[in-house]
Protein chains: 2
Amino acid sequence: MSTNKVIKEVEVYCREHGIRFTDQRRMALEIIASSKKPLGAYDVLAEMGKEVENPKPTTVYRALDFLLEHAFIHKIESLNAFVVCHAGHSHEGSQFMVCDDCGKVEEVHLCHLPKDLKKKIDDTGFQLTRWNTEIHGTCNRCQP
Amino acid sequence: MSTNKVIKEVEVYCREHGIRFTDQRRMALEIIASSKKPLGAYDVLAEMGKEVENPKPTTVYRALDFLLEHAFIHKIESLNAFVVCHAGHSHEGSQFMVCDDCGKVEEVHLCHLPKDLKKKIDDTGFQLTRWNTEIHGTCNRCQP
DNA sequence: TTGAAACTGTTACAATATAACATTACATTC
DNA sequence: GAATGTAATGTTATATTGTAACAGTTTCAA
C-alpha cells in the first residue's frame, strides 16, 4: 500500500473519530510508512530533522505513542523499531516475520490466537488485552 | 520450581554438554530464578553488586547472553526483562502471559506455532529460527 | 607446557526512552 | 467574542538499556 493511501485512510479515520491528526503525527507516519524496513525512534527523529528545525526525542515519542495507541503503526519489540500497520482494521494482536538478514518485516494477518493457546489462557483466568508474535528467521529472498 | 533445582539442572546440563557454568553465570541465573517477576539487566546488576565488588554492565550482559543462548532464561522483549525458563527442554519458541497489573509473567508451554500460521510462513518460503509470543493483560489475581 | 580459545576486567560510550514543567492551540460554552 | 478547560507542543534535562574495544586471565586439550 502506498504511503499516500495510508495517510489518506488515517486522515479519514481520524476525521470520523474526532481524533486530531496533527502535522507531527502525519510526518512521523509518513516517514514510517515510506520505509521498507522498521525504523527506530531515532531514525524517525533524524528524518523529521530534514523537515523541521532540530526536533527532540520527546516530539517523536509523542507522535509514536499516538500512532501506536490507534494502531496506525506497530512496534517490533525485538528490534525496538516501528512499522506501519496495513491491516486496515483494528486488532488486538499482531504477528510478524522478521528477516534477520535483510531486516525486512512482514506482517502476517491472521489476527487470532490459536485455539489451544486461547484455551490455556482462558483456563488460567487471564484477561488478555493485546498480544504480539515475532517470528525471526530468513526470508525467501535472503536464502542461499 | 525452586531456585536450587534450576541451578542443579543447569549444572548437570552444562556438565553433560561441556559448557562452562561459571560463577558469574550461576550468580546471574540464581538472581533471575529467585525473582517472582522478570528482572531488568540493571536489576540483576544491582543484585550482583550485593555479592561482588562493583560489577559492570558488561559483566551482566555477558552472563545474560550466555543464559539466553542456552535458553536457561528468556527475554521478555516488551519489558526488556528476563525470566528463568522452566521448560526443561530446548524449544525454538516461547509464549508468555504478562500481567500489566502486578508485573508477573507466566510461561505457557505450548511450544509450537499454530498450524495456519506455520502454513502461512512456509508458503512465503520464510525459514524460521525462533519465535516469541507475548500476551499482555490482567492475571487472575489482579482482577476485580 | 604451551598455545588457542574461552572467559573476565575495565573504560568509555551509544542507543533508547522518559520526567517535569512551561507554553500554545483548539473547541466549547457562556 | 471572551473565558475556560483540555489536548498538543516546546524545552531542558536525565534515566534506562545495551555495546565497543582492548587488555589480561583462566582453562583445556594437543
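Worth saying up front: this structure is predicted, and the values here are computed from it rather than measured. Just so we're on the same page: letters track the sequence lines, and every chain starts at 1.
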Practice task
Let me know the distance between CD of A/Glu53 and P of D/dG10, rounded to the nearest Å.
Solution key: 12 Å
Exercise for the section: Report yes if some heavy atom in the side chain of B/Phe21 is under 4.5 Å from a heavy atom in the side chain of B/Val10; otherwise report no. Expected result: yes
Handout entry: N or O in side chain of A/Gln24 less than 4.0 angstrom from D/dA8 OP1/OP2
Key = no
Exercise for the section: Could you tell me the separation between the CZ atom of A/Arg20 and the C1' atom of C/dT28, rounded to a whole number of Å? Expected result: 13 Å
Exercise for the section: Could you go through the salt bridge (Lys or Arg N to Asp or Glu O under 4.0 Å) check for B/Lys119 and B/Asp123 one step at a time? Expected result: CA-CA 6 Å; B/Lys119 179 166 186 333; B/Asp123 286 352; 3.0 Å; yes
Handout entry: Heavy-atom side-chain proximity of B/Asn140 to A/Thr124 below 4.5 angstrom
Key = no
Completion exercise
note: B/Leu45, atom CG; C/dT10, atom P; distance rounded to Å ~ 14 Å
Exercise for the section: Please say whether more than 12 non-hydrogen atoms of neighbouring residues, nucleotides or ligands are located less than 6.0 Å from CG in B/Asp23. Expected result: no
Practice task
Check each of A/Lys5, A/Arg20, A/Arg26 against A/Glu11 using the salt bridge (Lys or Arg N to Asp or Glu O under 4.0 Å) test, and report the only one that passes.
Solution key: A/Arg26
Exercise for the section: Identify which nucleotide among C/dG9, C/dT11, D/dT12 has an atom closest to any side-chain atom of A/Lys56, counting heavy atoms from C-beta outward. Expected result: D/dT12
Fill in the blank from the handout: Separation of C/dA25 atom P from A/Arg25 atom CZ, nearest Å, is 16 Å
Practice task
Could you tell me the separation between the CZ atom of B/Phe21 and the P atom of C/dT8, rounded to a whole number of Å?
Solution key: 12 Å
Fill in the blank from the handout: Separation of D/dA8 atom P from A/Ile19 atom CD1, nearest Å, is 10 Å
Exercise for the section: Mark yes or no for whether B/Thr129, through its side chain, and A/His136, through its backbone, hold a donor-acceptor pair below 3.5 Å. Expected result: yes
Handout entry: Sub-4.5 Å side-chain heavy-atom contact between B/Met97 and B/Cys139
Key = no
Handout entry: Nearest-nucleotide 5' precedence on DNA chain D, A/Asp23 against B/Asp65
Key = A/Asp23
Exercise for the section: Compare side-chain N and O positions of B/Arg62 against OP1 and OP2 of C/dA6 and report whether any pair is under 4.0 Å apart. Expected result: no
Exercise for the section: Calculate the interatomic distance between A/Arg26 atom CZ and D/dA8 atom C1'; express it in whole Å. Expected result: 16 Å
Fill in the blank from the handout: Each nucleotide of nucleotides 13-18 of chain D classed B (base within 4.0 Å of a protein heavy atom), S (only sugar-phosphate) or -, in 5' to 3' order, makes ----BB
Exercise for the section: Rounded off to whole Å, could you give me the CE-to-P distance for the B/Met48 and C/dG9 pair? Expected result: 9 Å
